[in-house]
Visitor: 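Submitted below is the structure of interest, expressed as structure tokens.
Heavy atoms only: backbone and side chains are in, while hydrogens, waters and symmetry mates are out. Here is how names work: the chains are called A, B, and so on, in the same order as the sequence lines, proteins then strands, and each is numbered from 1.
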Protein chains: 2
Amino acid sequence: MIGKSASGQSGKAAPQTRIQRAKREAILEAGLTVFSEAGFRGATLDRIASEAGLSKPNLLYYYPSKEAIYEALLRGLLETWLDPLQAIDPMGEPVEELLGYVRRKLQMSRDFPRQSRLFANEIVQGAPRIMPVLEGELRGMVDRLAMVIEGWIAEGRLAPVDPRHLMFSVWSLTQHYADFDVQVRAVLNADDPYPGAETHLELLFRRLLTP
Amino acid sequence: MIGKSASGQSGKAAPQTRIQRAKREAILEAGLTVFSEAGFRGATLDRIASEAGLSKPNLLYYYPSKEAIYEALLRGLLETWLDPLQAIDPMGEPVEELLGYVRRKLQMSRDFPRQSRLFANEIVQGAPRIMPVLEGELRGMVDRLAMVIEGWIAEGRLAPVDPRHLMFSVWSLTQHYADFDVQVRAVLNADDPYPGAETHLELLFRRLLTP
DNA sequence: GTCTATACACGGATAGAC
DNA sequence: GTCTATCCGTGTATAGAC
């Protein structure tokens, strides 16, 4: 299970030299690549090890199991992932605050597509490991934001929308460009879909949200 | 590879009794369930066989390999999947035609969530088997539709939008409710997200598309 | 056509030398 | 800490009896 302890370091608080930290980092980096491409079951320790430049047993010296690497990745993911949501300012101008959120989220798809796909893989397959976080932290954050949005609507500073479905729209539209990347590129027959995407999403949300 | 031959029956044109058809059908049905939940590698013949009420060797009598079942499913998927796109009428009223497409697509997410997730799994992991279809048929259909949409915009019957990114928006918004189902339910803490989704998407696209 | 038994490869994890 | 060798479970696929 995920999200129970704050530090991901197994509690032992071992001294941790720089070189150890570096190798653990390399493993997570490799794991991110492999897990995001193949999903949990599709990934192999062989590939992760070779990608990280380590032998398989050596990799298992740093992380005790495949599961452990995967869970460490999910844990790390959640912080950066939920961050942009926190950055929405209830005191700001509603439409601009939400558009800023959309922009940050789209940028994350461009800059961290592997993280997005890792998350997508986990959810599509039923979120076997990350479900508690969805029902706990995520729902809590969305509930809080929903109240803010409803306040904005009541004040007439935002067009009336269902706040939670609005969130789903932001997530799906932005993450689509990372998760369905190959399809997007195949259809567009172009290299970088993001300039077009940014313009399109700005237009879409401005039209939806402007009172 | 997918989409080369029209019939999925391996060319032998064997007589095919009703009972054989029924078993092949049961296998595909079971395969859809298992592959959509676990992805290609995560699925096992054991689970598919037991789900279909067959022994494993018996299953392999009807389909020669795991790959064969998977490819048969992808092939079958594409027809129903691209169908709603074909149903858009260039002679109809633009906003209503596109809203109809959105509605049909959302209904497919509700009625065939396993198909949606099967497709999502395939694409997220780089579309190793279905890429040719994306670059061929899908791109072709989107290109044709894009011209229709551009015509509508030129006539002032539709607000100016990038036609291809509009398609991405329809796909991501509607399929999100099938693919990220567990997340949607976790956040909403409710059972059936679809009534809310339909209202929301109708509002969203009407606002976006009305000139 | 359908079963039991089994071959065989792959992958996660461990043992133990260095 | 890092390696080589290896164990062993799981999973695809086949052999061969019925």
Visitor: Starting at atom CZ of A:Phe35, determine the distance to atom P of C:dG11, rounded to an integer number of angstrom.
Guide: 13 Å

Visitor: Separation of A:Phe40 atom CZ from C:dG11 atom C1', in whole Å?
Guide: 12 Å

Visitor: If you only use heavy atoms from C-beta on, which nucleotide in C:dT2, D:dT14, C:dG12 is closest to the side chain of B:Leu60?
Guide: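 So the side chain of B:Leu60 is nearest to D:dT14.
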
Visitor: For the pair made of CG in A:Leu54 and P in D:dT4, what is the distance, rounded to whole Å?
Guide: 12 Å

Visitor: Which of parallel (below 30°), tilted (30 to 60°) and perpendicular (above 60°) describes B:Phe40 and B:Phe35?
Guide: parallel

Visitor: Return the value, rounded to whole Å, for the distance between atom CG of B:Asp46 and atom C1' of D:dG11.
Guide: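 Value for this atom pair: 7 Å.
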
Visitor: Can you tell me the distance, in whole Å, between the CG atom of B:Leu45 and the P atom of D:dT14?
Guide: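 It is 11 Å, rounded to the nearest whole Å.
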
Visitor: Would you mind telling me which of C:dG12, D:dT12, C:dA13 lies closest to the side-chain atoms of A:Ser65?
Guide: C:dA13

Visitor: Can you check whether A:Tyr61 has a side-chain N or O nearer than 4.0 Å to OP1 or OP2 of D:dC3?
Guide: no

Visitor: If each of A:Lys56 and A:Tyr62 is mapped to the nucleotide of DNA chain D with the nearest heavy atom, which maps nearer the 5' terminus, i.e. the 5' end?
Guide: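 By nearest-heavy-atom nucleotide position, the 5'-most residue is A:Tyr62.
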
Visitor: Mark yes when over 12 heavy atoms from residues, nucleotides or ligands other than A:Phe112 sit less than 6.0 Å from its CZ; otherwise mark no.
Guide: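 Result for CZ/A:Phe112: open.
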
Visitor: Run the salt-bridge test on A:Arg21 and A:Glu25 with the 4.0 Å N-O cut-off and return the result as yes or no.
Guide: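 Salt bridge: no.
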
Visitor: Between A:Lys23 and D:dT2, is there a side-chain N or O to OP1/OP2 distance below 4.0 Å?
Guide: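 So the side chain of A:Lys23 is within the cut-off, an N or O lying under 4.0 Å from OP1 or OP2 of D:dT2.
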
Visitor: Mark yes or no for a side-chain to base donor-acceptor pair under 3.5 Å between A:Lys66 and C:dG11, with no hydrogen or angle criteria applied.
Guide: no

Visitor: What does B:Ala68 touch in the nucleic acid at a heavy-atom separation under 4.0 angstrom: a base, only the sugar-phosphate, or nothing?
Guide: nothing

Visitor: It should be established whether B:Ser55 places a side-chain nitrogen or oxygen under 4.0 Å from OP1 or OP2 of nucleotide C:dC3.
Guide: yes

Visitor: Which nucleotide sits closest to the side chain of A:Pro57: C:dA5, D:dA13, D:dT4?
Guide: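 Looking only at heavy atoms from C-beta outward on A:Pro57, the closest nucleotide is D:dT4.
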
Visitor: Check every strand shown and say whether B:Ala49 touches a base, only sugar-phosphate, or nothing at a heavy-atom separation below 4.0 Å.
Guide: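 Touches nothing.
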
Visitor: Using a strict 4.0 Å threshold on nitrogen-to-oxygen distance, state whether A:Glu122 and A:Arg117 make a salt bridge.
Guide: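 Judged by the 4.0 Å cut-off on N to carboxylate O distance, A:Glu122 and A:Arg117 do not form a salt bridge.
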
Visitor: Run the salt-bridge test on A:Arg24 and A:Glu29 with the 4.0 Å N-O cut-off and return the result as yes or no.
Guide: no

Visitor: Hey, which of these two, A:Gly53 or A:Arg41, hits DNA chain D nearer its 5' end, going by closest nucleotide?
Guide: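 So the residue in question is A:Gly53.
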
